[in-house]
Engineer: 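Next up is a structure, given as structure tokens.
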Amino acid sequence: MWRLKIEKRLSYNKWLDYFVPVASMVLALIAGSFVFLINGANPFEAYKEMFVGAFGDGYAWSETLVQATPLLFTGLAISLTLRTLLWNIGAEGQFFMGAMAATWAAQYFSQQPPWILIPLLMLSAMVAGGLWGLPPAILKTKLKVNEILTTLLLNYVAIFFVNYLLYGPWKDPMYPGFPQTPRYPDAAILTQYFNTRLHTGILIGLVVAVILYILYKKTGWGYKIQVIGQSRKTAKYAGIRVNRNIIRVLVISGAIAGLGGMLQISGLQHKLRLGGISNNYGYTGIIVAFLANGNPLAVILVALFMGALIVGGDSLQITMGFGKGVVHMFEGMVLFFILAGESLKRYKLRWVKHG
Amino acid sequence: MKPYVELKYITKRFPGVLALDAVNFNVMPGEIHALLGENGAGKTVLTNILSGRYDLNEGEIFIQGERIDPSKWSARAALDRGIGMVYQDFMLVEEHTVLENIALADLSIPFIPDFDQIRKTIADFGTKYQLDVDPDAKIWQLSVSEKQRVEIIKALMHGSKILIMDEPTAVLTPQEADELFKIVKKLAKEGTSIIFISHKLPEVFEICDRITVLRKGEYIGTVNVADTNEKDLAKMMVGREVFLQTEKAKYKPGLPVLVLKNISALSDRRIKALNNLSLTVHESEIFGIAGVSGNGQKELAEVITGLRPITNGNIHVNGNDITENTPRKAIKEGIGHIPDDRIGMGVVPDLGMPKSMVLKNYKESRFSFKGIFLKKAEITNYTKKLIKKFNIKTSGMSSPVKLLSGGNLQKVILAREISEEPCMMVAVHPTQGLDIGATEFVRDTLEKQRVDGAAILLISEDLEELMAVSDRIGVIYEGEIMDIMLTKDTTIEDLGLKMTGGSHVAA
Ligand SMILES: Nc1ncnc2c1ncn2[C@@H]1O[C@H](COP(=O)(O)OP(=O)(O)OP(=O)(O)O)[C@@H](O)[C@H]1O
Ligand SMILES: [Mg+2]
């Protein structure tokens with residue numbers, strides 16, 4: 001009799017870091033083709049369609065990048081907490097709060113020229129996102145309340161609060177039937193490039209990624225949060241003020257997610273509109289950060305990949321007439337295989353014979 | 001008589017290390033066979049191959065003369081062939097009872113176990129081998145030695161013919177070790193073989209029949225205990241003569257460094273662990289703390305190093321009040337700490353050596369620009385220097401420190417703590433699990449610190465070590481210091497008596 005044996009790898013070769021994601025991608029594509037087969041479509045055609053939709057021409061690329069931008073921010077925000085072994089499930093709410101604060105600033109300082117107004121928007125979004133990360137941080141450090149729960153619950157608070165504003169005080173008087181604010185003043189709107197929807201947000205995202213990379217790899221603070229993340233006990237022993245740094249991490253993480261929210265509005269939507277703020281970016285960001293293993297440069301690639309998956313999926317809906325469900329099923333399948341591959345990196349399977 | 005197991009020309013490689021190089025090893029039925037060697041010699045790896053936890057690269061395994069196909073050798077197969085392991089890191093479910101844990105381990109047991117039957121078996125083992133343990137106690141209520149007994153019973157329930165014990169006495173007090181030896185001897189008499197790993201030669205001479213020595217992954221030889229002596233063995237292990245005789249400078253204590261007054265503190269379970277404890281350690285003094293484990297030693301070390309708040313009393317270091325102590329304050333005052341829990345507290349297991357070496361001082365200007373950007377090159381150089389100075393053996397500087405052998409890991413911590421030139425050092429079991437060479441090294445290093453004027457608090461369960469190294473010894477019992485005496489005025493027997501509360505009763 002043969003049995004499958006699972007062993008934890010004590011250490012693994014670096015090449016697994018490259019081989020495993022590629023292999024899981026291939027497996028995911030194979031498994032995904034069943035989704036298409038069941039729905040009576042030729043999987044090769046579907047894949048080609050997705051690929052063309054996401055990367056086929058300049059416009060496709062721009063749309064992929066547009067989708068990748070918010071994921072870049074939520075992914076980076078969560079990568080920071082991941083390094084500290086904290087779970088920020090609240091990036092969604094922080095994204096909303098950032099978008100909200102930016103909208104407030106756009107109104108309140110509407111007379112300012114762009115070089116003052118845009119930084120003000122960014123700042124208020126970061127402050128709002130950061131503040132949204134603060135209560136979970138305090139509850140975690142003072143009362144040991146699990147941050148997964150508190151950050152998650154605050155998402156609902158943020159979303160409902162923004163809904164309230166859109167249906168109530170902030171509603172555009174010109175269009176009383178629609179839950180949305182008036183358009184931002186021109187000075188508060190970011191440049192879009194090449195006649196597409198691609199905006200400055202992606203550049204800012206790349207800068208944040210590089211800053212975080214340098215922070216992790218080159219600075220004392222990056223080292224400190226790595227120690228906290230891997231062993232709280234050792235951190236305490238080494239005189240690191242664990243609680244203070246946990247608060248910092250959760251607040252900065254919130255600020256990054258909040259900044260993402262501001263860029264989404266100021267770069268793309270140009271007004272706060274119900275249903276036009278986040279496409280679950282805060283939750284998808286968890287997967288992005290996890291797949292990137294907390295490495296900010298990898299977050300760039302994974303965000304791009306996820307952006308392509310979204311755009312490619314959308315174009316499948318259009319060109320091949322699939323329902324949203326089929327596309328989501330396929331996306332889920334891909335993620336499932338990649339996550340499974342990640343764990344296989346840490347464990348190895350072996351057939352052993354018995355009897 | 002034919003050997004029960006025989007390992008021939010076993011070779012095992014890890015990336016960058018040849019852990020075993022054509023090693024031979026065999027075990028006779030009913031013998032107690034010691035496996036000796038320096039830290040990193042390959043003892044643990046060899047037993048892990050025998051118990052099926054590691055694959056081997058080359059070599060052959062014979063069980064009762066039958067050749068085993070290495071590709072079919074696994075932990076399960078080893079169990080089925082009667083090879084049992086008494087785990088050091090106790091694979092027990094803390095919240096369950098002894099009975100349940102034992103039932104859980106028995107693979108042949110039906111879905112609904114017959115607890116009465118198991119209870120009876122436990123009782124039988126109890127009378128037969130003096131393996132006494134309360135089947136209804138929860139695991140967390142047990143002492144280390146009782147947990148060890150549960151592990152032994154588990155292995156015996158499998159019908160193990162060979163028991164592997166990897167440094168079983170490292171975590172035991174001398175009295176507990178004696179009890180273990182009785183059990184082990186009894187088991188051997190009934191036909192079970194024991195593979196016994198230890199760094200304490202007197203133990204090996206007390207209970208073992210044969211000894212196999214490894215050095216740096218090489219097989220050096222197998223000898224009968226009757227035909228050898230400690231000196232020859234040490235030479236086999238190290239390759240040179242070793243003198244475990246620390247040259248001690250004359251005792252000339254300086255000013256008080258650490259002053260504890262009427263300290264009380266709670267344990268993790270919120271029970272009073274330190275009770276109105278006072279003591280003073282001076283410059284150029286090694287103050288030893290003797291006691292049966294669990295009498296407040298851990299809490300004492302944590303109070304001094306700021307890891308545990310006190311409920312009463314005050315702490316001064318060099319005249320500065322640090323009653324409101326934190327690890328940060330303690331480090332700033334120059335208190336070094338060699339913790340008991342090396343992997344869990346002393347290092348970050350997954351970090352490489354450079355990052356482990358600057359854990360406490362990466363903010364200094366030699367390692368970073370204004371505490372912000374780390375100077376990688378300087379950190380690497382510093383690490384290289386320490387590796388050389390402390391003779392740390394590693395397959396690569398940046399591989400995770402958790403892969404180092406016990407002794408080398410301890411050297412990393414020691415190197416880091418001592419390089420800070422602390423005025424006060426709290427050393428908890430600093431030589432536990434270390435080989436003779438490393439033990440000699442640690443003791444010499446502490447002695448050098450002492451000569452340079454440092455105050456050292458040495459917490460150890462090894463009475464011989466306390467006698468050899470300390471200037472004064474305080475006996476701790478139920479969170480109180482019962483008695484403080486000059487080392488030259490006391491004996492091991494005297495200490496042993498006081499540790500169990502002897503003087504308390506008499507007084
Ligand atoms: N999983 C592993 N991966 C890489 N190297 C390893 C691994 N396990 C052990 N080693 C290396 O193999 C060598 C032998 O280690 P082993 O743990 O057997 O030593 P030991 O004799 O048990 O020492 P100690 O007395 O310190 O416990 C060491 O150099 C160690 O670093
Ligand atoms: Mg070992």
Side-chain angles (χ1 to χ4, degrees), chain A residues 1-16 82-85 210-245 248 293-294 345-355, chain B residues 14-16 48 52-55 69 71-77 80 302 305-307 326-332 335 337 339 341-351 354-356 358-364 367-376 379 395 399-400 402-403 413 416:
Chain A
M1 194 184 77
W2 291 86
R3 285 166 57 125
L4 197 59
K5 185 171 144 189
I6 304 176
E7 288 174 355
K8 198 172 162 94
R9 289 179 204 269
L10 289 167
S11 60
Y12 61 84
N13 284 337
K14 281 275 175 257
W15 63 265
L16 277 175
L82 215 54
R83 270 188 104 79
T84 329
L85 216 74
V210 171
I211 291 176
L212 282 183
Y213 181 80
I214 293 173
L215 202 65
Y216 294 163
K217 295 279 162 177
K218 309 268 180 206
T219 69
W221 193 67
Y223 170 53
K224 197 149 71 179
I225 62 171
Q226 190 181 16
V227 172
I228 294 174
Q230 301 199 354
S231 171
R232 298 267 200 280
K233 216 165 151 192
T234 308
K236 244 185 222 146
Y237 158 82
I240 294 172
R241 283 171 291 201
V242 175
N243 283 345
R244 176 185 298 218
N245 283 291
R248 275 186 200 154
N293 214 349
K345 234 162 61 180
R346 281 166 257 252
Y347 295 87
K348 69 178 168 195
L349 297 177
R350 212 159 57 114
W351 288 102
V352 288
K353 198 170 176 180
H354 274 280
Chain B
F14 289 111
N48 274 333
R53 297 218 294 177
Y54 283 160
D55 299 327
D69 178 357
S71 68
K72 287 183 194 153
W73 194 238
S74 67
R76 184 67 203 275
D80 291 345
E302 290 178 350
T305 53
L307 288 161
T326 63
R328 218 179 164 77
K329 262 190 211 165
I331 292 168
K332 217 187 241 149
I335 300 177
H337 182 194
D341 182 1
R342 291 169 202 167
I343 269 284
M345 183 182 273
V347 293
V348 180
D350 283 307
L351 290 184
K355 283 189 168 173
S356 308
V358 295
L359 185 64
K360 288 184 175 175
N361 57 3
Y362 68 94
K363 272 197 185 144
E364 286 176 15
F367 299 130
S368 63
F369 299 99
K370 303 201 185 308
I372 299 174
F373 286 101
L374 296 176
K375 299 179 180 170
K376 281 252 162 84
I379 294 175
S395 58
S399 60
K402 68 176 175 195
L403 295 181
I413 296 170
R416 182 185 67 219

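In what follows, every heavy atom counts, from backbone to side chain, and hydrogens, waters and symmetry copies are set aside. Throughout, protein chains are lettered first and strands after them, A, B, ... in sequence-line order, and every chain is numbered starting at 1.
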Engineer: Determine whether B/L359 and A/Y223 make a side-chain contact, defined as any pair of heavy atoms from C-beta on separated by less than 4.5 Å.
Structural biologist: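 Yes, side chains in contact.
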
Engineer: Looking only at atom types and distance, does a side-chain atom of A/Y237 sit under 3.5 Å from a main-chain N or O of B/P327, one as donor and one as acceptor?
Structural biologist: no

Engineer: By a 4.5 Å heavy-atom criterion (distance strictly below it), what part of B/L351 contacts chain A: side chain, backbone, both, or neither?
Structural biologist: both

Engineer: Do A/K224 and B/Y362 form a cation-pi contact, if we require the NZ or CZ to be under 6.0 Å from the six-membered ring centre and within 45 degrees of the ring's axis?
Structural biologist: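 No - A/K224 does not lie over the ring of B/Y362 by the 6.0 Å and 45° rule.
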
Engineer: Please state whether the side chain, the backbone, both or neither of B/N361 comes within less than 4.5 Å of a heavy atom of chain A.
Structural biologist: neither

Engineer: Evaluate side-chain contact (heavy atoms from CB on, under 4.5 Å) for B/D341 paired with A/K233, printing each intermediate quantity in order.
Structural biologist: CA-CA 10 Å; B/D341 182 1; A/K233 216 165 151 192; 2.9 Å; yes

Engineer: With a 4.5 angstrom heavy-atom cut-off, could you sort out which part of B/R416 is near chain A: side chain, backbone, both or neither?
Structural biologist: side chain

Engineer: Measuring from A/K218:NZ to B/I372:CD1, what's the distance to the nearest 0.5 Å?
Structural biologist: 15.5 Å

Engineer: Among the options B/D69, B/I331, B/T326, pick out the one with the most heavy-atom pairs lying under 4.5 Å from chain A.
Structural biologist: B/I331

Engineer: Please state whether the side chain, the backbone, both or neither of A/R241 comes within less than 4.5 Å of a heavy atom of chain B.
Structural biologist: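 Its backbone and side chain both get close to chain B.
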
Engineer: State whether the number of non-hydrogen atoms from other residues, nucleotides or ligands found under 6.0 Å of B/K376 atom NZ is greater than 12.
Structural biologist: yes

Engineer: Check each atom of B/K363 against the heavy atoms of chain A and say whether the ones under 4.5 Å are side chain, backbone, both or neither.
Structural biologist: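 For B/K363, the contact with chain A is made by the side chain alone.
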
Engineer: Is A/K236 close to B/M345 at the side-chain level, that is, under 4.5 Å between some pair of heavy atoms?
Structural biologist: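 No; the side chains remain at least 4.5 Å from each other.
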
Engineer: So, the side chain of A/T234 versus the backbone of B/G344: is there a donor-acceptor pair under 3.5 Å, distance only?
Structural biologist: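 Present.
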
Engineer: Which region of A/L215, side chain (C-beta onward) or backbone (N, CA, C, O), has a non-hydrogen atom less than 4.5 Å from a non-hydrogen atom of chain B, or is it both or neither?
Structural biologist: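 Contact with chain B: none, neither part.
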
Engineer: Side chains of B/L374 and A/K217, heavy atoms from C-beta outward: is any pair under 4.5 Å?
Structural biologist: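 No, side chains not in contact.
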
